[in-house]
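Sequential numbering from 1 along the given sequence is applied to the chain's residues. On a predicted model such as this, the values are computed, not experimentally measured, just so you know.
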Amino acid sequence: MMNGTIKKLSEDVEIYIFFKLPMKSIMRFKCVTKTWCNLMQSFSFINLHHNYTSSKKDEFILFKRSLKEQNVFTNPLSFLRTPNGDDDLDYITRDLEVPYLSTGYGSIFHQFNGPCHGLIVLTDYVNFVILNPATRNYRLLPKSPFVCPRGFYRAIGGVGFVYDAIQRTYKVVRISEISGEEPFNDPSVVDWIGEVYDFSVDSWRNLPFGEEEFPWPYNCPFAEMYYKGVFHWYAHRNLVAILCFDSSTEVFRIMQVPEMCSLYDEKVHCLTILDECLTFICYPDPRRVSSPVQEITDIWIMKEYNVNDSWIKKFTIRCPPIESPLAIWNDSLLLLQDKRGIVISYNLNSDKVEEYKLHGYPGSLRIIVYKESLMSIPKGSTQVENY
């Protein structure tokens with residue numbers, strides 16, 4: 001009995017020590033003994049580790065950019081961290097090329113969604129790659145069987161990556177609009193197609209939209225956010241709104257934005273999380289000529305989720321001319337890409353502006369703030385690979 005107790009305590013202590021280690025060290029220790037390898041690959045250890053890292057303040061950054069050399073575009077990924085808990089950045093891994101995604105000018109618009117339990121999906125809207133930045137495992141998802149009918153054109157409006165907590169599976173959702181091609185282009189012939197890839201069955205299927213008319217997702221940086229089991233897109237039709245997709249019910253619905261932001265003005269909008277609340281940012285449209293309205297960026301938070309009357313204006317700031325926001329980091333730094341293609345930060349508490357040594361083709365920069373996780377890539381008909 002004593003031996004059994006000592007053995008159990010010993011394993012508990014080992015687990016505690018492993019949790020304190022950097023991810024790189026944990027991956028190395030998997031190779032020391034078969035017992036440790038089995039432990040670290042177990043569902044219980046991965047979930048305990050995820051819960052532990054989720055409670056910590058340590059945040060990492062996934063940085064995507066496009067680089068142009070002699071009319072050829074590359075789209076490298078870099079993983080960064082804060083070295084001493086300050087607001088500086090150090091590279092963990094620099095400039096990894098993502099396979100399977102398209103190249104060319106259109107690649108500057110590649111998106112990525114997440115994180116969901118430390119996993120991220122990168123896409124060129126046709127191909128989808130799921131990635132764990134911490135373990136550097138990735139997998140190309142099977143292609144959708146949907147084929148656009150002859151004589152019609154397909155425009156992809158929004159993609160999302162969610163976790164269904166009821167079915168315990170990840171899902172990718174894609175929204176497309178089908179219309180007639182020239183010379184038979186008939187604007188009245190428009191249909192919406194919703195698709196979802198379900199990791200539990202490794203296949204795509206169609207989603208019904210019903211009779212309700214929904215706003216169209218606006219494809220711009222930082223315009224979508226996964227929060228509380230729901231994927232959100234900044235969207236518009238006649239008014240500015242938020243299009244929502246519930247990961248479990250697979251139902252689309254509309255959420256209102258702050259009333260002051262619902263009409264078109266000289267602003268563009270994006271979504272993020274601040275103070276653990278859904279956040280709506282109204283920032284100057286980089287394509288418009290500067291005006292007094294253009295100088296102001298408003299940051300709204302929804303104090304009570306899905307309660308429209310709970311929107312409050314948290315900050316009104318004047319930041320330098322920018323292309324778009326990229327992320328909020330450490331609940332205090334608004335990361336932005338300026339019009340030169342350089343990452344800058346605006347401190348929401350001190351109004352201090354800082355420039356980082358992160359740059360790329362103007363308009364191509366993307367950032368996701370994530371916490372390291374051991375979550376494995378769900379297996380399927382395509383192979384899990386490693387950088």
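For the ring pair (Phe, Tyr, Trp, His ring centres under 6.0 Å) with Y170, the lone residue among Y226, F231, Y163 that qualifies is Y163.
Atom CG of D331 is separated from atom CG of L274 by 5.0 Å, given to the nearest 0.5 angstrom.
A salt bridge is defined here as a Lys NZ or Arg NE, NH1 or NH2 lying under 4.0 Å from an Asp or Glu carboxylate O, and R205 with D198 meets this definition.
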Could you tabulate the donor-acceptor pairs under 3.5 Å formed by side-chain atoms of residues 375-384, not counting sequence neighbours?
from : atom 1 : to   : atom 2 : distance (Å)
S381 : OG     : D202 : OD2    : 2.9
T382 : OG1    : R139 : NH1    : 2.7
T382 : OG1    : L140 : O      : 2.4

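The aromatic rings of F245 and F252 sit tilted relative to each other, their planes meeting at an angle between 30° and 60°.
Summarising the geometry of L326 relative to L365, their closest heavy-atom pair is CD2-O, 3.2 Å, with the distance given to 0.1 Å. Summarising the geometry of R340 relative to D338, their closest heavy-atom pair is NH2-OD2, 2.5 Å, with the distance given to 0.1 Å. The minimum heavy-atom distance between L243 and F214, with the atom names listed, is CD1-CD2, 3.6 Å. Closest non-hydrogen pair, F280 versus P258, comes out as CD2-CD, 3.8 Å. When every heavy atom of L96 is checked against every heavy atom of F79, the shortest pair comes out as CD1-CE1, 3.9 Å.
The six-membered or imidazole ring of Y197 lies away from that of F128, with a centre-to-centre distance of 6.0 Å or more. Ring centers of Y387 and Y138: under 6.0 Å apart, within the cut-off. Remark: aromatic rings of H232 and Y305 are close, center separation under 6.0 Å.
Among residues at least two apart or in separate chains, salt bridge (charged side-chain N to carboxylate O under 4.0 Å, His left out) pairs with a member in residues 91-107 are R65-D95. Judged as a salt bridge (charged side-chain N to carboxylate O under 4.0 Å, His left out), the pairs with a partner in residues 273-284 (not counting sequence neighbours) are, in order, D275-K314.
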